[in-house]
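The structure appears below as structure tokens.
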Protein chains: 2
Amino acid sequence: MPSATATNGRETLASIAYQRLLDDIVGGRLQPGTKLRLQFLTERYEVGNSPLREALNRLSAIGMVQREENRGFRVSPASADELSELIRTRCWLEETALRESIRRGDAAWEEGVLVAYHRLSKRNRLSDEQYVSFDGTWEDLHRAYHLSLLSACDSSILLGFCAQLHEQTLRYRNLSSMKDYRDRHELDEHRTIRDAVLDRDADAAVELLRSHYRVTGEIVLASGSLS
Amino acid sequence: MPSATATNGRETLASIAYQRLLDDIVGGRLQPGTKLRLQFLTERYEVGNSPLREALNRLSAIGMVQREENRGFRVSPASADELSELIRTRCWLEETALRESIRRGDAAWEEGVLVAYHRLSKRNRLSDEQYVSFDGTWEDLHRAYHLSLLSACDSSILLGFCAQLHEQTLRYRNLSSMKDYRDRHELDEHRTIRDAVLDRDADAAVELLRSHYRVTGEIVLASGSLS
DNA sequence: CAAGGAAACAATTTCGAAAACTGCGCCCCT
DNA sequence: AGGGGCGCAGTTTTCGAAATTGTTTCCTTG
């Protein structure tokens, strides 16, 4: 099967449109503030307007697009202010989740963190082209790693909020033009965090994680490209 | 104009359906787990299925309804487990927001808290029937009071999450059959919290707020009516 | 009699067109 | 020259019907 729309079992046009729109917004291919006319979207994604409206409504609920009654949708604007608010909030929420996770996590959780880090580091050494597997993109592995750290916090609600913030900051990262930033010291940071977490050193792990986010944020901010 | 659909300027059928559905779900008039067939909803709210689907999609993004591809929507189930997760998460997030609010809040914020409490207490003394004003229902005032406490945290994202959790727990409160619980000691608790907040005593305020939520949660849990 | 499969039914999802709304330019009037 | 209203083009929103999917029932078969 060549064309892979593989997510899980069921698919509707609305979900497909949702996924592709989300990808294009997070991936930076749809610039912040862009007006999203239905005619344009219909041509681009080859689905009717009903599924598109469904997708847009769902995206507006997670803050990826803005809705104005009777005036349609546009990609959520991006600003330096919003980015720092995003990072600040993310630090708060993930501190809570991480402390709780370290406090409550069992052996299975530790192993999950270990495996997630392993996959990420393997993908980091090998380039995207060499690395052929079922695991998904680097971003998928990155997301999986970060969420695995928090996964033992025993609140799927909090976990969902953190995932939402992850997606939002990922968009800012993709908007700034730092393509090969990936291999800088990120892997070192991820390893250090992993070690602190597995040592159950909550204070150290939290400080490392917050610094990880703040540094990334500052690089994005410094790269210009934001108002 | 007799019939007041007054929110603000613009209205679409989709927004109206969204509001009414949200009201009915939070108000407990649509029981958890209820299958939401479009035909039924069309008759009940007198709008076509396109606006209804829009409303349902938006509601699913904030966790009020569940969506299963190709199988439609149902009101999100309610369980004792989810309620305690909700309360736990809410305590974490509001602790963060409240501490930050107390740390950063200015005079305008203090006055906002004061006014919100005043309106709530006035509505508490007078019954709904006596009290005629532009302020909205008791629940509106209650929500406004709680959010005013957090409003200086300088993160509209966090504030939005807290509002979402408020709505979810409100649904559980309405599901349990404690009608006249309102006047028990709630006003006392609200006053005590207000005083601690205006004294800038973060530790005390947080402890009072968390206890406020936990006690309410336990009363709801004790009232039975949940699996 | 149980199991498998096809057909009818019920519900959701999607499409295409009509209706409603917004924004803008134009004209008229003062 | 300036201000206000009218109408037109473009877009969104909504509706009603068609297509798709899931479910049940009944018939056939081993």
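Chain A is the first sequence line, chain B the second, and so forth, proteins listed ahead of strands; every chain is numbered from 1. All values derive from a computational prediction rather than experimental measurement.
In this structure, B/His212 and B/His142 have perpendicular ring planes: the angle between them is above 60°, well past the 30° mark.
Contact between the side-chain N/O atoms of B/Arg71 and the OP1/OP2 oxygens of D/dT23 is found at a separation under 4.0 Å. Of the side-chain N and O atoms in B/Lys35, one or more sit less than 4.0 angstrom from OP1 or OP2 of C/dT12. For D/dT11, one of the phosphate oxygens OP1 or OP2 lies less than 4.0 angstrom from a side-chain nitrogen or oxygen of A/Arg37.
Ring centroids of B/Tyr213 and B/His146 are separated by less than 6.0 Å, placing the two rings close together. The distance between the ring centers of A/His190 and A/Tyr117 does not fall below 6.0 angstrom.
At whole-Å resolution of the value, CD in A/Glu11 and C1' in C/dT14 are 16 Å apart. For A/Leu13 and C/dT12, the CG to P distance is 17 Å, given to the nearest whole Å. In this structure, A/Leu38 atom CG and C/dT14 atom C1' are separated by 14 Å, rounded to whole Å. In this entry the distance linking CG of B/Leu52 with C1' of C/dT13 reads 14 Å, nearest Å. At whole-Å resolution of the value, CD in B/Glu68 and P in D/dT20 are 23 Å apart. As rounded to whole Å, 15 Å separates atom P of D/dT14 from atom CD of B/Glu46. Regarding A/Leu41, its CG atom lies at a distance of 12 Å from the P atom of D/dT11, rounded to whole Å. A straight line from CG of A/Asn49 to P of D/dT13 spans 10 Å, rounded to a whole angstrom.
Using a 4.0 Å heavy-atom cutoff across all strands shown, A/Thr12 reaches sugar-phosphate atoms only and no base atom. Counting any heavy atom pair closer than 4.0 Å across all strands shown, A/Leu36 reaches sugar-phosphate atoms only and no base atom.
Each of B/Ser50 and B/Gln39 was matched to the nucleotide of DNA chain C holding its nearest heavy atom; the match closer to the 5' end belongs to B/Gln39. Nucleotides of DNA chain C nearest to A/Asn70 and A/Ser15 differ in position, and the one nearer the 5' end is that of A/Ser15.
Side-chain atoms of B/Tyr172 never come within 3.5 Å of backbone atoms of B/Glu82 as a donor-acceptor pair (strictly under, hydrogens ignored).
Both the sub-6.0 Å distance and the 45° axial angle are satisfied by B/Arg58 relative to the ring of B/Tyr18.
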